[in-house]
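Proteins come first, then strands; the chains are lettered A, B, ... in the order of their sequence lines, and each starts at number 1.
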Amino acid sequence: MEHAVSNLVGTPVLLSILIVFPFLAALTVYPVRSARLQTLVVTLTGAVLIAASLLLIPRTPFTLSPKSLLGVDIHVVVETADFLLLFVFLHIGFKHNHTLIKILSVLQIVSLAYLDVRTMSGEHLRVAALYGDNLSLILVLVASIVGSIVCFQSIPYMKAHEEHLEVEKSTRRRFFCVLLLFLGAMNGVVLSNDMGFFHFFFEVTTLCCFLLIRHDGTPAAVANGLRALWMNSLGGFCLLLGMISVFTRLHALDLGRLIELSSKSGIYLVSVALLCFGAFIKSAQFPFQGWLLGAMIAPTPVSALLHSSTMVKIGVYLVLRLAPGMRGAFLSECIAVFGAFGFLAGAALAVGQSNGKKVLAYSTISNLGLILACAGLNTPEAFTAAIFLIMFHSVVKALLFLCVGTIEQRIESRDIEDMRGLCAKMPVTALITVSGVIMMIMPPFGLLLGKWMAIEATAKNLAVVVMVAAGSALTVVYWARWAGTLMSEPFAGRFFPERQPFLTWGALGSLVAGGGVMTVAAPWLYREFFTGILSPGYSPPYVVHGGGLENGWGAFPVLPLAVVAAIGFAVSIVALRRASRVRIVKPYLSGLQTDTPGMFLGPGNRPVKAEASNYYLSSIFGEKRLATLVNLAALVFLILILGAAL
Amino acid sequence: MIDTILVVAATLVAAPLLGGLISGLDRIATARLQSRVGPPVVQPFHDVIKLLNKEPVAVNVWQVFCAYAYLSASMIAVVLFALGSDLLLVLFTQAVGAVFLVVGALSSTSPYSLVGAHRELLQTLSYEPLLVLVAVGIYLQTGSFKIADTRAWGAPLLLKLPFLYAALGLVLTIKLRKSPFDLSTSHHGHQEIVKGLLTDYSGPFLAFVEIGHWFDVILLLWLCSLFWATSWTGMILLVAVTYALEVVTDNVTARMNWRWMLGYAWAMGLTLSVVNLIWLHVR
Amino acid sequence: MPVSTIPFGPQHPVLPEPIHLKLTVEDEVIKEVVPALGYVHRGLEKLAGTRDFHQMVQIVERVCGICSMMHAMCYCECVEAMMGIETPPRARYLRLIWSELNRLHSHLLWLGLFADSFGFESLFMQFWKIREKVMDLQEATAGNRVIVSVNVIGGLRRDLSPEQQQTILNILDRVEDEMRLLEKPLLGDYTVMKRTKGKGIVSAARALELGCVGPTLRGSGVAQDMRQLGYEAYGDLAFEPRVEKDGDCYSRLKVRYREVFQSIDLIRQAMEKIPAGEIAAVVKGRPEGEGLARVEQPRGEVFYYVKADGKKYLERIRIRTPTFANVPVLLAMLPGMCLSDVPVIVLSIDPCISCTER
Amino acid sequence: MFEQITRGSRVKSPWLLHYDCSSCNGCDIEVIACLTPVYDIERFGIINVGNPLHADILLVTGAVNHRNRKVLENLYEQMPHPRVVIAIGSCALSGGVFREAYNVVGGVDKVIAVDVYVPGCAAKPEAIIDGVLLGLEKFKKLSNNWRGVGGIFREAETNES
Amino acid sequence: MRAETITPDQLVGACARMKAEGFRFVTMTCTAMDENSFELLYHFDKNLELSTLRLTTSKDSPVHSITAVYFAAFLVENEIQDLFGLRFPGLALDYNRTLYLDEEIRDAPFCKNAAAEKNTAAE
Amino acid sequence: MFPMMPAILRNFFSKRATRRYPPMTREPFAEVRGELKNEGSVCTLCGVCAVKCPSQCIVVDKKNATWQWDPFACVYCGVCVDSCKTGSLRQEPLYRKAATGREIVSVKIVLKEQTK
Ligand code: SF4
Ligand code: SF4
Ligand code: SF4
Ligand code: SF4
Ligand code: SF4
Ligand code: SF4
Ligand code: SF4
Ligand code: SF4
């Protein structure tokens, strides 16, 4: 591996652009009050990040151990910063008088200090700080590209948002600052090899998350932010505990070595399990979903960036990283079942929601559960499925969040019921949203490709496959319902694209196009990137054949299917264009329809609105009842997992 | 290549013809069971041709799009099946059709369409997991999700997967819109939500939905036939008996509500499937 | 919570007759019901101002085509009482026979429609197949299938020949046999019970308070049947009202199913006892004063009030039909039930709108 | 040929919508009786669809009154062409015995065009079948100009011209 | 016909008494006596015996609704509002004269002097 | 399990209940009140039927010596037949055929006295 580094001239530069540059940009934007300049800094940073991440593609795998930053030992810098960060948490805890945060910060500080003491003393192995393989690369690409696109869209969004809230003193600069900070931290997390680094960046994302959730400063926002903070601190604490136990065994905080040293011993598995707990919390798995739901109070770009496409992926990323280490262990199987449960429960709870953002949030939890299930299954097929799911979920979910944000700014509601007939008011946005939904649930799009792989990969694990089968049926319910609502009457057939800022169209458009192109390119993406991830020990499970992916017992002809689907789509579009000439009749209202659309002549000759609302089946899928049950079950699962590790 | 094209063409022609014929026979048999004469066997074709030539009216042009999309998806699913491709993929493709049908119905503001659409979603919710589990069962037995491999499997699957076949029968009842599950679009008009899902589809678009339905039925029956793929007689007999049982069930039960359906399909269907799968595992 | 507002009727395949219910539902559970009427209102009580009291017989027959004969009978009883006319004994038996035939066809019709309301189509077909036998009897004896126009003031326009009497008995035997065969499918089927038991419950006290009548009342355990009044020949025959306790749709179903056999039995009894003689009394003069009459129709008590002052045209004729009395209880039954229960519950009172609105 | 097939199908697959204006039920139940085993009009491919958007034939029983007039108009408007209206029973034909009642507008033809009149009080099932078959004769004569699927691909000329 | 004559203000009390005694509300009958006075009959049943309350009223002296006592009366009171033009204050479910009639029928058709003839808009 | 089973199987294996009308027609019952016929030869234009008719659909025009009947307004009750003293009216056991347009039946009456 050492020689790979020497070959890669420029990799350190790229990495510092990816990690350090956003930090600097964040510091730059903070004092800037001019909206123009803010836009400039943000777009520039985004563009640079996109370019850098693309340039990184041919350079994996690599390891890198920078010695110093501005002459100070880099490890010392990071550790110090980590301490500082934890004291900031403590401060927040005191400021808001939040006991849990106080306790957790102190616990973290103490354990970090303990770890430091131990690393300083003893024979101290300096490990490579950064490491990148295709898995990290994919996450870097997601964070940098999707992240930047979201940042672009947040520029017009925040402008409208502040106008809407009638904020007197703009706080946008702070917002952008945190956003950029986050992008750097995100890249940092997925590129860290030294677990100290990992923890530091992990906590930076937690801080960003807190700041962004409480951005609007309303009491509810602050409360939800604090909840996110304590829950994620708990995650950080789990990480630290895991690290301590890793160190006890390895005498190093080296993520790569940890996996290579895979063993079935109890202490090893406990450390892995503890790290996984941290990951579960970051990925908002039950019973820790609360913070993610609360996070929906933040301005929508935040949800798009942190709470669906990138930050929550840190958790599943970590588990995927650790997976080879627990191959064959019962722990791994438990994680699979836990993930499948999260998938099912998330989908079920999403069915009970009419709040668009909450549906997205639950759907995110659900998808992360599926990814976890794949990670836990720990077969090459499952791994492939997990990575496809990460990629496509990031793109499509970001798209959907941005759509909801755009819609919300126009109709002043994020409730699905209020989006009925949106295609009349904002036809293009509605169409884009529907495309997003289609990409969520229909073949040949990537998410379905991932789900297909997942089911075929889980087929031998009965418990998992039953839950996945049920969960995916539930998924169809809430997406189809939403898409139908958007396209409801009154759409007369003429098409007036609504006006939106250029950056909004750009962001939405590029995400839709991205989803489509990536789908068609999926087999080649697979061939180019995935093989690298699957080493060591896994042989590539699929062959690319006839534009599709195939193995001994299944085949998914991506390209042919895409072509056929496109033809079907084109025919339907032609029909649709012609259909503008059909006679439009009023819908069936038992013969009582009036000239006003959707009104009928009710009792006493009074016009009544034929309200038609979706089913949310609150008696079955209502949050109140179901969530308690789910949380209980999840807790039991977690205890089982810990037991399995022991 | 030529082979493939021939198979595709043959499927696209034969499936609707067969589907219509089955539906015609179904209506005659139902009439007989009710001591009636019933329509001629080609009645479904008359219906569809008539509908295709009616004035196209729609409540919302999206509905037109959805009708076409539904038909396309159903056709693609059957063609994929004919080509012996991946069973799961076929099921997913067919589900796409169902989703478009629902989206089309939701595009109306009539509560009748809407209630029908939601019931259809609930029906999908009831049977989709069972279908996936049937596919999984077939995989566990034959070691492949590919339909071509299943066809070539040496012994009748029915003997190994009897409970899964029963679960498939449940799915078939739902899909054929037969009592006690004819909830979202009863094939006859006397129900509380009029024609439910199909209330606001009209004229040619209704015809598309009908043809798409034929494709769906053929697909499911074909799937049933896989359970006795070793001999033609066995295959035809199995499908005929299964369908006859469906018709009889339709005539000896009242229509239930969706709460019952969801509970029954999940409790009964999942139990049947899981028992069968466990059995496969243990062996 | 997201609710839907559904205009149920006036045109709706479940409702052969137009009534409108504005249903507010959430996830298919009924929250509120508001009815609207007037889609069948013709105003025929007012026709008394342009038709003499003989012609009114033909008008009231058309208050409803299902129990046409009983409307005419009730009206005639009312006028006859005002004028002090004694109808001949044979007429009293004949009226009973035809009204029980009316009830038979009505109950068979309802049993079919009720089966259809929960989607049991083959059962619906089966009942209507049996019902055709009764329809043939009506057509062969009265000259019309549905508007059984046999009444005149003072008695009847049609008699039954001994052969006709024998045919009626023979055919009723077959109807009875076929009905017995359907007892299990109707009352013992799991799916039927699932759809009817526990749906639309009304207690006896509530039923009385809301003024309900007929099988709806008897299904709630109140033994009240206007035939107990002994009008026409009912007083001469053995008669016990059919009562069920539970007050749900299943009870009402059972009451009507059992009343089918009761009607057959009453006709048999009447055929045995029917005396020979005149079928109509001579009518002289014009009615004067006030009169009230009540008759048990298939759906329950019908109430006629007639006021006359000896002029050519009646002063006022007022008809309160059974469904009119059962609408309030219907409104009380629906909330909390499922959308799919609406047809079942609505049909369980056997609604007849045309007579409700006249 | 194509023309013949479409016309043929139209005649062989007439779907009914029954609307009760203010019938006394007499005619209504006779309409329902037509669907049942003894008369079984499904022999002619007829089904009772209960939905104007699917119906070819509108069967009206009973006299039109002020309130249901609007409903009748609404239903008629929702029916796609080609369509046939059949009035059943004296009430639907002219108002019958209720012609002079204050709330009665009159026969169905006061509101919408009626193609076939079936007299009777009540019209018997056989008479209703006769009426429907007479209505089908009208379908044979109706032009084939409705743009079906068909439509979608053929319509352009008919529409632009 | 047994009938007890009462005054309008005794009505609600009398009904409450009837209800307490276990009477079932059968119906009401309204008859126009002359242009301005109307006779209202309230019919009750107990053990197959009919009893009637009789009262007279005029167009401009509304009779209080009895729906608070017997909810079942709401239909018939609405009907009388439609057909006779009387009003029943306190009506539980008031259709405001639209139970049966649409705007085409302007006058109460059962009133003595009213345009009792059929509305002949079409002719 | 399914109590309806015997009934439908019996249906399946026995003769169907359908009367195939048309083409098959059944002999009508003798007493059925169908289409109204005025023989004309014995009618005295007395007008009793017109007066008694509850649907008021008979018009007797003495001046033009016509007896007119509106088959679309008639309710086939037979009151006119019962009340006609001369027996000029009778009802066929068959109903009147469906039509595609309005119809009025008008019978020219040649009065006996006048022919003498
Ligand atoms: S509606 Fe949207 S833009 Fe307006 S305040 Fe809420 S989040 Fe901001
Ligand atoms: S719904 Fe009506 S038309 Fe259809 S089969 Fe049932 S009874 Fe016949
Ligand atoms: S309740 Fe009224 S409409 Fe119904 S059958 Fe009896 S009289 Fe006729
Ligand atoms: S009452 Fe019965 S049918 Fe209605 S919602 Fe409850 S369970 Fe369902
Ligand atoms: S309830 Fe009876 S009378 Fe009323 S429409 Fe139905 S069948 Fe006719
Ligand atoms: S024609 Fe006769 S049977 Fe038909 S609705 Fe009118 S009155 Fe009733
Ligand atoms: S049958 Fe009746 S309605 Fe017809 S003309 Fe004679 S009396 Fe008048
Ligand atoms: S038909 Fe008879 S009743 Fe009528 S005018 Fe002629 S003779 Fe007189």
Pair up each side-chain donor or acceptor in residues 473-483 of chain A with any protein partner under 3.5 Å, not counting sequence neighbours, and list the distances.
from, atom 1, to, atom 2, distance (Å)
T475(A), OG1, G471(A), O, 2.7
R481(A), NH1, V351(A), O, 2.9
R481(A), NH1, Y615(A), O, 2.9
R481(A), NH2, V351(A), O, 3.1
R481(A), NH2, Q353(A), O, 3.3

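S72(B) touches chain A through its side chain: at least one heavy atom from C-beta onward sits under 4.5 Å away, while N, CA, C and O do not. Both the backbone and the side chain of L125(B) come within less than 4.5 Å of a heavy atom of chain A. Residue I147(B) does not touch chain A at all, counting heavy-atom pairs closer than 4.5 Å. Within the 4.5 angstrom heavy-atom criterion, no atom of L131(B) approaches chain A. For a residue to count as touching a neighbouring chain, one of its non-hydrogen atoms must lie under 4.5 Å from one of that chain's; by this rule I438(A) touches chain B with the side chain only. Both the backbone and the side chain of V115(B) come within contact range of chain A, each with at least one heavy atom under 4.5 Å from a heavy atom of that chain. The parts of V103(B) that come within reach of chain A are both its backbone and its side chain, each placing non-hydrogen atoms under 4.5 angstrom from that chain. Looking at I567(A), there are no atoms closer than 4.5 Å to chain B (heavy atoms on both sides), in backbone or side chain. In this structure, no portion of L71(B) lies under 4.5 Å from any heavy atom of chain A. Only the side chain of Y139(B) comes within less than 4.5 Å of a heavy atom of chain A; its backbone N, CA, C and O stay farther away. For Q593(A), no part lies under 4.5 angstrom from a heavy atom of chain B.
Listed options L133(B), L270(B), T142(B) were ranked by heavy-atom pairs under 4.5 angstrom with chain A; first place goes to L133(B). Ranked by heavy-atom pairs under 4.5 Å with chain B, the first of V468(A), V434(A), I441(A), I455(A) is I455(A). With respect to chain A, the highest number of heavy-atom pairs below 4.5 Å among V79(B), L114(B), I76(B) belongs to L114(B).
By the 4.5 Å heavy-atom criterion applied to side chains, S488(A) and L106(B) are not counted as neighbours. Side-chain atoms of E456(A) and D86(B), non-hydrogen and from C-beta on, do get closer than 4.5 Å to each other. Considering only heavy atoms from C-beta on, L422(A) stays 4.5 Å or farther from T433(A) through its side chain. Residues K160(B) and N276(B) fail the side-chain proximity criterion, which asks for heavy atoms closer than 4.5 Å. Between L80(B) and L561(A) the shortest side-chain heavy-atom distance falls below 4.5 Å. Between M487(A) and C66(B), the closest side-chain pair of non-hydrogen atoms is not below 4.5 Å. Proximity of L223(B) to L87(B): side-chain heavy atoms (C-beta onward) are separated by under 4.5 Å at one or more points. A 4.5 Å side-chain heavy-atom check between Q63(B) and F205(B) finds every atom pair outside the cut-off.
With 3.5 Å as the limit, one finds no donor-acceptor pair spanning the side chains of Y588(A) and S108(B).
For a heavy-atom cut-off of 4.5 Å, chain A lies close to F92(B), T93(B), V96(B), V99(B), F100(B) in residues 90-102 of chain B.
The environment of CZ in R625(A) is sparse: at most 12 heavy-atom neighbours from other residues, nucleotides or ligands sit within 6.0 Å.
Residues F569(A) and Y68(B) place their aromatic rings such that the two centres sit no closer than 6.0 Å.
Using bins of under 30°, 30° to 60° and over 60° for the plane-to-plane angle, the ring pair W62(B)/F65(B) lands in the perpendicular bin.
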